[in-house]
Amino acid sequence: MLDSLSDRLQGAFKRLGTSGKITEADLDVALREVRIALLEADVNFKVVRDFIARVREKGVGQEVMQSITPGQQVIGIVNQALIEVLGGNSEALLSPDSGPTKILVVGAKGSGKTTLCGRLALKYKDDGRTPLLVSTDFERVAASEQLKVLGEQIDVPVWVEEKEAPAAEVAKRAMKEAERIGANVIVVDTRGAVALEDELADSLAALADEVDPTEVLIVVDAMTGQEAVTLAKEFDEEIEGTGIVVTKVDSDTRGGAMLSVREVTGLPIKLITTGERLEALEEFHPDRMASRILGMGDVVTLVEKAKEAIGEQDMKSVARRMRSGQFNLEDFLAQMQQMRQMGPLTGLLDMLPGGQQLAKQVAGVELDESFITHSEAIVLSMTPEERRNPDILNGSRRRRVALGSGTTPAEVNRLLNQFKEAKKMMQAMTSGKAGGGLGRMFGL
Ligand code: GDP
């Protein structure tokens, strides 16, 4: 997904120097590349122009922070600009305090509307709601069939009428049915557009009047580029959308539609779909998408997990200790126990910028469950003095610790070696020499 855009952007940043200030000339070179990368990804040219202006304004003359390179700093600025272009904050689907949630799904033919209706119904059903799917598309007979099949698959009722009738009338009857069966989420599929001709626009406007939807979702196929964005704008002008859903984000898309649609329509992207399976529906988070585009890994998810498991205060004090070289076996043990709450270390490294490389460096460090349990026993068998200052652990002390913890001296040695490795790695990470710099990432 978006691979070529990611590659090009990363290429652009490599050209920036590795020390000193961000000079205007350096920035110009990098920004020219960024501009080409975005245009090649089929981002709307006005969006690109504003984007570049924003980055330039923030970047020029900025003192480069200690411990990171100008390249990294500009990535930070571009990241922020990408987040803004993608909408800033995430926006959730509207759900009324009282009365049913009513969703109209509109968009181009073949963009993934019908599938989206199924996905939404499934999502709400999983949330404990009672959905009803409604087909108002008589043009494509297969659409109502498809909806029926989807409904059966997820065990959600589907309102389909055999005889052609105006969409608004079908919806009126469907809403009665919803009341009858106690459905509190009504998802209405609509006829697909090629262009938004008057007849369809009128029919959709009448449908919207009838349904009084809480949400009008305009579907944008990530694969179709700027035409999809233009069409989305037309839809919004005719029937007032509340949000965008970008579909087929898993495909080999260039990213232009996703990066333009917010600025062009002013509507938030609320959801994305990332595969043909019905479950492949995700809330849209501008910050996470920006990270993915920049190949920075899903740092936000990682930080979220870490903050949850460790608590920000703890993390700051541990990082301080790591930096000052005071990190000892007690901290190591506490870290491992916290890691256990966060999931396997290798999975965490994947989410880190440059994490895979790091994972290779520390391939010898296996932080699996039994290792943590053994380590705990070993550390607990040491005296407080030994935990704080592992260097005093000579042969006889190691044997005593092994005996006390029901392990072997070899295991004790292995733990001590791994502790040393971890200490080295952590010092490198907090000082910003490896990966993106954990300390900076956590805002320490
Ligand atoms: P509609 O004409 O707008 O109702 O579109 P459909 O829901 O029938 O979808 C058109 C095609 O796109 C179908 O083959 C779907 O399986 C496929 N599709 C929909 N969403 C996605 C997605 O997120 N990823 C991929 N790869 N295919 C999708």
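Just so you know, these numbers use all the heavy atoms, side chains as well, and skip hydrogens, waters and symmetry mates. When a ligand or atom number is given, it counts from 1 through the structure's own listing order. Note that the structure is predicted; figures quoted are calculated from it, not measured.
Of all the heavy atoms in T114 and A143, the pair that sits closest is CG2-O, 3.9 Å. Pairing each heavy atom of T190 with each of V106, the nearest pair is OG1-CA, 3.5 Å.
A salt bridge (Lys or Arg N to Asp or Glu O under 4.0 Å) with K270 is found for one member of E91, E215, E282 and no other, namely E215. Between Q80 and the choices I83, L82, I77, V78, the side-chain contact (heavy atoms from CB on, under 4.5 Å) rule is met once, by I83.
With atom 25 (C) of ligand 1 as the reference point, the heavy atom nearest to it among L147, D250, I272 is part of D250. Comparing E282, R277, R191, E276 against atom 27 (N) of ligand 1, the shortest heavy-atom distance belongs to E276.
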Worked check of salt bridge (Lys or Arg N to Asp or Glu O under 4.0 Å) between K46 and E263:
CA-CA 9 Å; K46 282 197 208 120; E263 298 268 303; over 6 Å; no
I52 vs V34, side-chain contact (heavy atoms from CB on, under 4.5 Å): CA-CA, chis, key distance, verdict:
CA-CA 8 Å; I52 297 291; V34 171; 4.0 Å; yes
Just do the salt bridge (Lys or Arg N to Asp or Glu O under 4.0 Å) check on D137 and K113 with the steps written out, would you?
CA-CA 11 Å; D137 183 359; K113 286 183 305 304; over 6 Å; no
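The nearest protein atom to atom 28 (C) of ligand 1, hydrogens excluded, is given as K248 CG, 3.7 Å; this is a heavy-atom distance. With hydrogens left out, the protein atom closest to atom 23 (O) of ligand 1 is T273 OG1, 2.5 Å, a heavy atom. At the shortest separation from atom 10 (C) of ligand 1 among protein heavy atoms lies G110 O, 3.6 Å. Of the protein's non-hydrogen atoms, the one nearest atom 7 (O) of ligand 1 is T115 OG1, 2.4 Å.
Counting only heavy atoms, the protein never gets under 4.0 Å from atom 13 (C) of ligand 1.
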Give the table of side-chain donor-acceptor pairs shorter than 3.5 Å for residues 167-186, with sequence neighbours excluded, one pair per line with atom names and distance.
unit_1	atom_1	unit_2	atom_2	d
R173	NE	E161	OE1	3.4
R173	NE	E161	OE2	2.8
R173	NH2	E161	OE1	2.9
E177	OE1	R180	NE	3.0
E177	OE1	R180	NH2	3.4
E177	OE2	R180	NH2	3.1
N184	OD1	T130	N	2.8

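For ligand 1, the atoms sitting less than 4.0 Å from at least one non-hydrogen atom of R140 are 1 (P), 2 (O), 4 (O), 8 (O), numbered in the order shown with element in parentheses. Set against the non-hydrogen atoms of R119, the atoms of ligand 1 under 4.0 Å away are 19 (C), 20 (N), 21 (C), 22 (C), 23 (O). The contact set between ligand 1 and Q146, taken as ligand atoms under 4.0 Å from a residue heavy atom, comprises 6 (P), 7 (O), 8 (O). Short contacts between ligand 1 and G112, defined as distances under 4.0 Å to a heavy atom of the residue, involve ligand atoms 1 (P), 3 (O), 5 (O), 6 (P), 7 (O), 9 (O), 19 (C). Residue-ligand proximity, T274 to ligand 1, at heavy-atom distances under 4.0 Å covers atoms 23 (O). Counting the atoms of ligand 1 from 1 in the order shown, those under 4.0 Å from a heavy atom of K113 are 1 (P), 2 (O), 3 (O), 4 (O), 5 (O), 7 (O).
Checking S135 against D189 by side-chain atom types alone, no donor-acceptor pair falls below 3.5 Å. When only modelled atom types and interatomic distance are considered, S260 and Q226 share a side-chain donor-acceptor pair under 3.5 Å. Side-chain atoms of R191 and S203 form no donor-acceptor pair, as typed in the model, at a separation below 3.5 Å.
Ligand 1 has a nitrogen or oxygen under 3.5 angstrom from a nitrogen or oxygen of T114. Considering both main-chain and side-chain atoms, G275 comes within under 3.5 Å of ligand 1 through a nitrogen or oxygen pair. Between T247 and ligand 1, no N or O atom pair is found at a separation short of 3.5 Å.
Within the 4.0 Å heavy-atom criterion, the part of A108 lying near ligand 1 is the backbone and not the side chain.
Using a non-hydrogen distance threshold of 4.0 Å, G192 does not register as a contact of ligand 1. A143 does not count as a contact of ligand 1, since none of its heavy atoms falls under 4.0 Å from the ligand.
The CG atom of L120 sits 14.5 Å away from atom NZ of K125, with the distance rounded to the nearest 0.5 Å.
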